[in-house]
Asks: 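Input: one structure, supplied below.
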Protein chains: 2
Amino acid sequence: MVNKEIALDTEEKIWKAATKVFERDGYAGARMQVIADEAGINKALLHYYFRSKEKLFGKIFIEKYNKFFSTLAILADQDMEFFEKIDTVIDSYMEMLLENPEMPSMLINTITHHPELIDKLNMEGAQKIRGVLQSEAEKGNIIAVESLQILTSVVGLCIMPFLAKPIAMHIFKLDMEFYQEVLNKRGPFVKKAIRAILKP
Amino acid sequence: MVNKEIALDTEEKIWKAATKVFERDGYAGARMQVIADEAGINKALLHYYFRSKEKLFGKIFIEKYNKFFSTLAILADQDMEFFEKIDTVIDSYMEMLLENPEMPSMLINTITHHPELIDKLNMEGAQKIRGVLQSEAEKGNIIAVESLQILTSVVGLCIMPFLAKPIAMHIFKLDMEFYQEVLNKRGPFVKKAIRAILKP
DNA sequence: GTCTATAGATAGATAGAC
DNA sequence: GTCTATCTATCTATAGAC
């Protein structure tokens, strides 16, 4: 069992190192040598464990995003009042963003450059939430617009301060503390904003 | 003058080709050979005109984004009622996005990987608009929140359907026509949404 | 200004010893 | 499983003929 434990440990080190480098540099910008250095192992071991750069990236990407999307699917299924459900989704989204601010841009970039990976994502959660929105609109509880307008509004309102962070901090000469405060207050702000938008 | 005309023409061909390839593949993913092919010229000519890949990218990036941001600066200076000004900014933003849907993700990516370029962007427009928001909030005409919350809301609401296009079309199995309609209706939707959000 | 040819560096991937 | 050494391909960039 000793060998297997060591193996798992190495695989984990590679996984963490590769995640970090891919997030920072993107797929095209990432270098296998850099990942190996970060993991404290040799370049050849990367290929021993994952065969190719593409496979390594694909596995990490799918695992990371499916974990997030499956959380959404669970939330959408819970038995709650509509706005409570929306709030829970926003809370979950903001929590994820605060821990992984690079996820939105990585998702967008990957789908653009590796469209084949899109099929491996489990998007039940998004479909369920869209269904909820459509049914609420039919009942007249919220404004009657295409549910995509609302869905993209929730997501856009949540992620924008994270996407804009580097550029906004620079333009307005803000320090990290100030910006962190903006991010911390974003959840409550978005909840209010969505209520205002959806009022029929 | 014949030589100069031919030179300008070649430079322009390179510019267009490079813009296309950088937008599609990103800086790290772009290849000088691909740009040369796209421009219908030889690879060596790229270096003759622009010295290096980095310089070529930097020049295109700065020109493209400063053109857009200077439009914003002009709008912010116009003598208009507040919501008329907001509407004009949204219209201008949506028009730009409909023609250049890749601009937001390219901006975000570039700032992340080439932070030195941030200093070459002229961000007067954004600063002016933030000033307008702050002064309106002080006057009590709109809700009293940090102006960054509003600024990122406007931008987030505008760009999200463009960022999400490939992934949303796939998840919900939408055709281009349907999605285009969503994009066309986005401007009016965002204007309403911002009014609802800002109401004190 | 424009081309061909190639230098020089570095990428991903593999062979083979241990 | 892990390493060193190396292959092969490909990248940016330049030299030099025209």
Side-chain angles (χ1 to χ4, degrees), chain A residues 1-62 106 109-110 112-114 116-117, chain B residues 1-62 106 109-110 112-114 116-117:
Chain A
M1 285 300 111
V2 174
N3 272 347
K4 198 170 185 185
E5 275 170 19
I6 291 170
L8 276 174
D9 200 43
T10 301
E11 198 168 329
E12 218 170 277
K13 278 194 287 183
I14 295 175
W15 193 275
K16 279 185 183 167
T19 302
K20 180 176 172 181
V21 175
F22 281 133
E23 280 170 359
R24 190 190 57 209
D25 301 338
Y27 176 77
R31 296 290 168 255
M32 294 298 264
Q33 184 62 61
V34 175
I35 294 172
D37 293 347
E38 178 76 31
I41 51 120
N42 191 278
K43 207 169 51 159
L45 264 188
L46 298 179
H47 292 93
Y48 176 79
Y49 278 95
F50 294 93
R51 275 212 73 76
S52 74
K53 181 184 179 185
E54 211 157 39
K55 283 188 169 51
L56 174 59
F57 177 78
K59 284 198 177 182
I60 290 174
F61 176 81
I62 296 303
M106 194 183 174
N109 251 288
T110 304
T112 308
H113 296 110
H114 302 264
E116 72 283 0
L117 287 177
Chain B
M1 288 302 111
V2 174
N3 273 348
K4 198 171 185 186
E5 276 171 20
I6 290 170
L8 276 174
D9 200 42
T10 301
E11 198 169 329
E12 217 170 279
K13 277 194 287 181
I14 294 175
W15 193 276
K16 279 186 183 167
T19 302
K20 180 176 172 181
V21 174
F22 281 133
E23 280 170 359
R24 189 189 58 208
D25 301 337
Y27 176 76
R31 296 291 168 254
M32 295 297 265
Q33 183 62 61
V34 174
I35 294 172
D37 294 346
E38 179 75 33
I41 51 120
N42 191 280
K43 210 171 47 162
L45 264 188
L46 298 179
H47 292 94
Y48 176 79
Y49 278 95
F50 294 94
R51 273 209 76 76
S52 73
K53 182 184 177 183
E54 209 156 39
K55 282 189 169 52
L56 174 57
F57 177 79
K59 284 198 176 181
I60 289 175
F61 176 81
I62 296 302
M106 193 184 175
N109 250 288
T110 304
T112 308
H113 296 110
H114 301 263
E116 73 282 0
L117 287 176

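In what follows, every chain begins at residue 1, and chains take the letters A, B, ... in the order their sequences are listed.
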Asks: Counting just side-chain N and O atoms, does B:H47 come under 4.0 Å of either OP1 or OP2 of D:dA13?
Replies: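 Yes, B:H47 has a side-chain N/O under 4.0 Å of OP1/OP2 on D:dA13.
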Asks: According to side chain to side chain contact (heavy atoms under 4.5 Å, CB included), who are the partners of B:T112, at least two apart in sequence or on a separate chain?
Replies: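 Expected list: B:I108.
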Asks: Does the pair B:F22 and B:I35 meet the rule for a side chain to side chain contact (heavy atoms under 4.5 Å, CB included), with working shown?
Replies: CA-CA 9 Å; B:F22 281 133; B:I35 294 172; 4.0 Å; yes
Asks: With respect to the side chain of B:Y48, which nucleotide from D:dA13, C:dC3, C:dT2 is positioned closest?
Replies: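 Shortest atom-to-atom distance from the side chain points to C:dT2.
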Asks: Search all heavy atoms of A:A18 against all heavy atoms of A:I60 and return the closest pair with its distance.
Replies: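 Here A:A18 and A:I60 meet closest at CB-CD1, 3.4 Å.
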Asks: Should A:S52 be listed as having a side-chain N or O under 4.0 Å from OP1 or OP2 of C:dG12?
Replies: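 No, because none of the side-chain N or O atoms of A:S52 sits under 4.0 Å from OP1 or OP2 of C:dG12.
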Asks: Going by side chain to side chain contact (heavy atoms under 4.5 Å, CB included), name the residues that satisfy it together with B:H114, two or more places apart in sequence or in a different chain.
Replies: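 For B:H114, the residues satisfying side chain to side chain contact (heavy atoms under 4.5 Å, CB included) (neighbours in sequence not counted) are B:Y27, B:E54, B:F57, B:T110, B:E116, B:L117.
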Asks: Nearest-Å distance, CD1 (B:I14) to P (D:dA13)?
Replies: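 In whole Å, D:dA13 P lies 14 Å from B:I14 CD1.
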Asks: Shortest non-hydrogen contact from B:I41 to B:K13?
Replies: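 It is CG2-NZ, 4.3 Å.
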Asks: For nucleotides 4-7 of chain D, list the nitrogen or oxygen atoms of the protein found under 3.5 Å from its nitrogen or oxygen atoms, one pair per line.
Replies:
{"from": "D:dT4", "atom 1": "OP2", "to": "A:N42", "atom 2": "ND2", "distance (Å)": "3.0"}

Asks: Among all residues two or more places apart in sequence or in another chain, which pass the side-chain hydrogen bond (donor to acceptor under 3.5 Å, both in side chains) test with A:K20?
Replies: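 A:K20 satisfies side-chain hydrogen bond (donor to acceptor under 3.5 Å, both in side chains) with A:E38 only.
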Asks: Mind checking what makes side-chain hydrogen bond (donor to acceptor under 3.5 Å, both in side chains) contact with A:Q33, not counting sequence neighbours?
Replies: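 A:Q33: side-chain hydrogen bond (donor to acceptor under 3.5 Å, both in side chains) contacts with A:D37.
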Asks: Between atom CD1 of A:I14 and atom CG of A:L45, what is the distance when rounded to the nearest 0.5 Å?
Replies: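 One gets 6.0 Å once the value is rounded to the nearest 0.5 Å.
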Asks: Tell me the interatomic distance from B:D9, atom CG, to C:dT2, atom C1', rounded to whole angstroms.
Replies: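 B:D9 atom CG is separated from C:dT2 atom C1' by 14 Å.
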Asks: Tell me the interatomic distance from B:L45, atom CG, to D:dT14, atom P, rounded to whole angstroms.
Replies: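 It is 14 Å, rounded to the nearest whole Å.
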Asks: Using the side chain to side chain contact (heavy atoms under 4.5 Å, CB included) criterion, which residues pair with A:R31? Sequence neighbours excluded.
Replies: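 With sequence neighbours excluded, A:R31 shows a side chain to side chain contact (heavy atoms under 4.5 Å, CB included) to A:V34, A:K53, given in chain and number order.
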Asks: Check the distance between C:dT4's P and B:L46's CG and give it to me in whole angstrom.
Replies: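 Result: 13 Å.
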Asks: Do any side-chain nitrogens or oxygens of A:R51 fall under 4.0 Å of OP1 or OP2 in C:dT14?
Replies: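 Looking at the OP1 and OP2 atoms of C:dT14, one of them is under 4.0 Å from a side-chain N or O of A:R51.
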Asks: With the threshold set at under 4.0 Å for non-hydrogen atoms, list the residues of residues 21-36 of chain B touching DNA chain D in residue-number order.
Replies: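 The answer is B:A30, B:R31, B:M32.
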Asks: Rounded to whole Å, how long is the line connecting atom CD of A:E11 with atom P of D:dT2?
Replies: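 For the pair A:E11 CD and D:dT2 P, the rounded distance is 10 Å.
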Asks: Rounding to a whole Å, what distance do you find between A:K55:NZ and C:dA13:P?
Replies: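 About 9 Å, once rounded to whole Å.
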